[in-house]
Number of protein chains: 2
Amino acid sequence: MHFGYALRRAQIAAFDAFASATAGHPITPPRYTALVILEANPGISQSALGEVLGTARSGAMMLTNWLVARGLAERRHRPEDARAWGLYLTRRGKTLLGTLKRRVLDHDQRFGAKLTPAERREFLRLLGKLAP
Amino acid sequence: MHFGYALRRAQIAAFDAFASATAGHPITPPRYTALVILEANPGISQSALGEVLGTARSGAMMLTNWLVARGLAERRHRPEDARAWGLYLTRRGKTLLGTLKRRVLDHDQRFGAKLTPAERREFLRLLGKLAP
DNA sequence: TATTGTTATACTCTATAACTATA
DNA sequence: TATAGTTATAGAGTATAACAATA
């Protein structure tokens, strides 16, 4: 069995847990991650968002467009640089993220509950060695 | 740190290893997996291929079309069921898969070499508990 | 009626390239 | 010239729905 396959299978199972947690919302993993990043970095630029997400600028823009169209985030002009936007969660975005975070964390913990506490620690340590 | 994120990061690293192994070939993880499945199950039907891959029939068909268009696989009529095709690797498909398997396995082992042999065994055991 | 393959369609993710406005 | 954002385009993956041929 390849590492790649085994990892992929486990990650698909984790995606399933995420899908259960976000059922009823059109939220995908990248969108959820973007919300989390915006919450932790108010005023971040689109380019910086793309860098953190590990995607191209254009991808960050489409992601931002989607969030803005649904009233979850907003662009604000930066006085010090007319080229860049500052991105912020709206009240609605913060509320949704609050709800989703609880549900995602809950499902994540249930997913991890297949391991004992000691196994969880060891597993996360080994993941850290594989993807530093 | 969520399990989901940690797993995703490690899996992206594994995908990178796969990409290095298949550099120069337009082979993706699902295409590689399909080749492996066809090698192990000569004459398998498209529907069965889709089931093993965990995707819809239509996806298995587009995958098959791609392989057939490049001369890597072929469809043969089944005498016992005029509805279904039997799928087979061509000689060219077998040759390519042979080359790729060596390279993918090599990169997979290099990826896993970030862990000690004992850690590798434990890691695969824990992955098995998470995604049985 | 159920199944196989097929086609059409749609959405998401990702990437590159070219363009604009600004620095 | 370099950067931020934008737009266009493309490929890949995945899914559903409807259809014809066959079982």
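Below, chains carry the letters A, B, ... as their sequence lines are ordered, and counting in each starts from 1.
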Checking contacts here: which listed nucleotide ([options]) is nearest the side-chain heavy atoms of [X]?
X: A:P30; options: C:dG5, D:dT22, C:dT14; result: C:dT14
X: B:M62; options: D:dT14, C:dG5, D:dT6; result: D:dT14
X: A:T28; options: D:dT16, C:dT12, D:dT14; result: C:dT12
X: B:S47; options: D:dG5, D:dT22, C:dT4; result: C:dT4
X: B:S58; options: C:dT7, C:dT6, D:dT22; result: C:dT7
X: B:R75; options: C:dA2, D:dG13, C:dT6; result: C:dT6
X: B:T55; options: C:dT12, C:dT16, D:dA15; result: D:dA15
X: A:A84; options: C:dC13, C:dG5, D:dA4; result: D:dA4

Once you round it to whole Å, what is the distance between [atom2] of [N] and [atom1] of [X]?
X: B:L49; N: C:dT6; atom1: CG; atom2: P; result: 12 Å
X: A:L63; N: C:dT12; atom1: CG; atom2: P; result: 11 Å
X: B:H77; N: D:dT22; atom1: NE2; atom2: C1'; result: 13 Å
X: A:I12; N: D:dT14; atom1: CD1; atom2: P; result: 8 Å
X: B:M61; N: C:dT3; atom1: CE; atom2: C1'; result: 16 Å
X: B:N65; N: C:dT6; atom1: CG; atom2: C1'; result: 9 Å
X: B:F15; N: D:dG13; atom1: CZ; atom2: C1'; result: 11 Å
X: A:E80; N: C:dA21; atom1: CD; atom2: C1'; result: 16 Å

>> Strictly below 4.0 Å: does B:W85 bring a side-chain N or O up to OP1 or OP2 of C:dT6?
In response: yes
>> If the cut-off is 4.0 Å, is B:Q46 near the phosphate of C:dT6, judged by side-chain N/O to OP1 or OP2?
In response: yes
> Nearest 0.5 Å, what's the CG-CD1 distance between A:L67 and A:I27?
Replying inline: 7.0 Å
> Quick one: CG on A:L97 to OH on A:Y32, what's the gap to the nearest 0.5 Å?
Replying inline: 6.0 Å
> When we call it a touch if two heavy atoms are under 4.0 Å apart, what does B:R31 touch: a base, just sugar-phosphate, or nothing?
Replying inline: sugar-phosphate
> Are B:R75 and B:N65 linked by a side-chain donor-acceptor pair shorter than 3.5 Å?
Replying inline: yes
> Between B:R31 and B:W66, is NZ or CZ placed under 6.0 angstrom from the six-membered ring centre and within 45° of the ring axis?
Replying inline: yes
> Would you say the ring centroid of A:F18 lies under 6.0 angstrom from that of A:F111?
Replying inline: no
>> Pick the closest DNA chain C nucleotide for A:G59 and for A:P79 by heavy atoms, then say which residue is nearer the 5' end.
In response: A:G59
> Between B:A56 and B:W66, which has a closest nucleotide on DNA chain D that is more 5'?
Replying inline: B:W66
>> salt bridge (Lys or Arg N to Asp or Glu O under 4.0 Å), that's the test. Do A:E119 and B:R125 meet it? Break it down for me.
In response: CA-CA 10 Å; A:E119 285 174 337; B:R125 185 182 75 81; 2.9 Å; yes
> Can you find a donor-acceptor N/O pair under 3.5 angstrom joining the side chain of B:R57 to the base of C:dG5?
Replying inline: yes
